[in-house]
Amino acid sequence: MIVWLNGTHGAGKTTTSALVQHLIPDSRVFDAEKVGETLMDIKPGLPSTNNFQHWPPWRPLVVETARRVLDYTGGTLGMPMTVLVEQYWREISAGLAEHAIAVRHFVLHADQDTLRRRIEGDTVLGPSSFRLEYLEPYAEAARTWLHAEAEVIDTTHLTPSQIALRIAESVKNG
């Protein structure tokens, strides 16, 4: 099974995925951003883009990597990764379904002001204009399709531990 943590930057995906991993037996965390980083390292570079998710190889490589890891290890794979383009989510979820991999899709949500404060006050990554640029695309995706495709958890007033516990309990209860 895959526990996919979606949502925009500042929602708490990375922090929460590490905590969820400790709550779900036989689970691991796979950050699909690493697939994008591998594609960014190709020399000469792939066609210019502002987001590696726009490269067509990224989506099937995420599916194939997740499938291979699960075939090798079994268990549950936690995947903290923002996917805001509906077509990309459909490609990934369909690819996983073709391999009979169950996906529990969660969106970690917070209001725009909270997300902005978290991004601007991030002491690990520091403030990031790149991360701030995704606030409006996230809001649009949330309004039009994303929240209908997932279990939405409002993280505005929750700690990462509380979020992780909700996700782990939801997964355990089916």
Side-chain angles (χ1 to χ4, degrees), residues 1-18 20-21 27-110 112 115 119 122 124-126 128-153 155 167 171:
M1 170 189 289
I2 289 175
V3 175
W4 194 290
L5 302 185
N6 206 338
T8 196
H9 306 284
K13 297 179 306 297
T14 302
T15 301
T16 301
S17 67
V20 168
Q21 189 268 324
S27 64
R28 290 167 175 71
V29 175
F30 164 45
D31 186 345
E33 188 164 326
K34 301 300 181 191
V35 173
E37 290 174 8
T38 297
L39 292 173
M40 289 189 296
D41 285 343
I42 293 174
K43 303 295 182 227
L46 298 176
S48 182
T49 181
N50 65 347
N51 186 329
F52 56 72
Q53 291 185 17
H54 299 320
W55 287 324
W58 180 77
R59 293 158 324 262
L61 284 171
V62 166
V63 170
E64 187 64 14
T65 304
R67 179 183 77 86
R68 294 287 180 155
V69 170
L70 286 171
D71 283 351
Y72 181 61
T73 64
T76 300
L77 204 54
M79 294 183 64
M81 187 71 218
T82 300
V83 178
L84 301 179
V85 177
E86 184 176 8
Q87 174 191 337
Y88 299 172
W89 176 251
R90 300 250 176 260
E91 286 179 47
I92 291 167
S93 57
L96 295 168
E98 285 176 19
H99 297 290
I101 299 170
V103 177
R104 291 294 298 275
H105 185 196
F106 295 88
V107 170
L108 305 187
H109 174 79
Q112 295 282 300
L115 291 168
I119 292 167
D122 191 322
V124 176
L125 298 175
S128 164
S129 60
F130 173 83
R131 295 168 76 206
L132 289 169
E133 289 172 15
Y134 282 86
L135 293 180
E136 183 49 40
Y138 166 73
E140 178 65 18
R143 277 191 301 271
T144 58
W145 70 273
L146 183 59
H147 283 193
E149 293 290 321
E151 298 174 56
V152 179
I153 298 175
T155 68
I167 291 168
V171 169

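Throughout, residue positions are numbered sequentially from 1 according to the sequence presented.
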### Query
Could you state the interatomic distance from CZ (F52) to CG (L39), rounded to the nearest 0.5 Å?
8.5 Å
### Task
Could you tell me whether the side chain of Q53 and the main chain of L84 form a donor-acceptor pair under 3.5 Å?
no
### Message
Do V20 and T76 make a side-chain contact, defined as non-hydrogen atoms from C-beta onward lying under 4.5 Å apart?
### Response
no
### Task
Ignoring hydrogens and angles, tell me if any N or O in the side chain of H105 forms a donor-acceptor pair with the backbone of N6 under 3.5 Å.
no
### Task
State plainly whether the residues E136 and R143 are in salt-bridge range, i.e. N to O under 4.0 Å.
yes
### Task
Check the angle between the aromatic planes of H9 and Y134 and answer parallel, tilted or perpendicular using the 30° and 60° thresholds.
perpendicular
### Query
How far apart are the C-alpha atoms of I167 and L5, what are their side-chain angles, what is the distance that settles it, and do they pass the side chain to side chain contact (heavy atoms under 4.5 Å, CB included) test?
CA-CA 9 Å; I167 291 168; L5 302 185; 3.6 Å; yes
### Query
Under 3.5 Å, is there a donor-acceptor pair between the side chain of S27 and the main chain of L77?
no
### Query
Does any non-hydrogen side-chain atom of V171 lie less than 4.5 Å from one of F106?
yes
### Query
Is a donor on one side and an acceptor on the other found under 3.5 Å between the side chain of R67 and the backbone of L96?
no
### Over 12 foreign heavy atoms within 6.0 Å of CZ, R68
no
### Message
Side chains of I92 and V103, heavy atoms from C-beta outward: is any pair under 4.5 Å?
### Response
no
### Message
Using modelled atom types and a 3.5 Å cut-off, is there a donor and acceptor pairing between side-chain atoms of W58 and backbone atoms of A32?
### Response
yes
### From E64 atom CD to R59 atom CZ, the distance as rounded to the nearest 0.5 Å
15.5 Å
## Note on the structure
On a heavy-atom basis, the closest approach of P137 and E133 is CD-O, 3.2 Å
### Task
Could you pull out the closest heavy-atom pair between A66 and I2, with the gap in Å?
CB-CD1, 3.9 Å
### Summary
Distance col, row D41:CG vs K43:NZ, nearest 0.5 angstrom, shows 5.5 Å
### Task
Evaluate the side-chain proximity of H99 to L70: yes if any heavy-atom separation is below 4.5 Å, no if none is.
no
### Task
List the atom of A142, the atom of H147, and the distance in Å for their closest heavy-atom pair.
CB-NE2, 3.4 Å
### Message
Would you compute the distance between atom NE2 of H54 and atom CG of N51 and round it to the nearest 0.5 angstrom?
### Response
4.5 Å
## Note on the structure
Between V107 and G7, the two heavy atoms sitting closest are CG1-CA, 4.3 Å
### Task
Report the distance from atom CD1 of I101 to atom CE of M1, rounding to the nearest 0.5 Å.
11.5 Å
#### Entry: Considering all heavy atoms, the nearest L108-Y138 contact
O-OH, 4.2 Å
### Value rounded to 0.5 Å, distance of CE in M81 from OH in Y88
12.0 Å
### Message
Evaluate T65 against F30 for side chain to side chain contact (heavy atoms under 4.5 Å, CB included), listing each step before the verdict.
### Response
CA-CA 9 Å; T65 304; F30 164 45; 3.5 Å; yes
### Query
For L135, does its backbone N or O pair with a side-chain atom of Q112 as donor and acceptor, under 3.5 Å?
yes
### Task
Taking the side chain as every heavy atom from C-beta outward, state whether W89 and E86 have any atom pair closer than 4.5 Å.
no
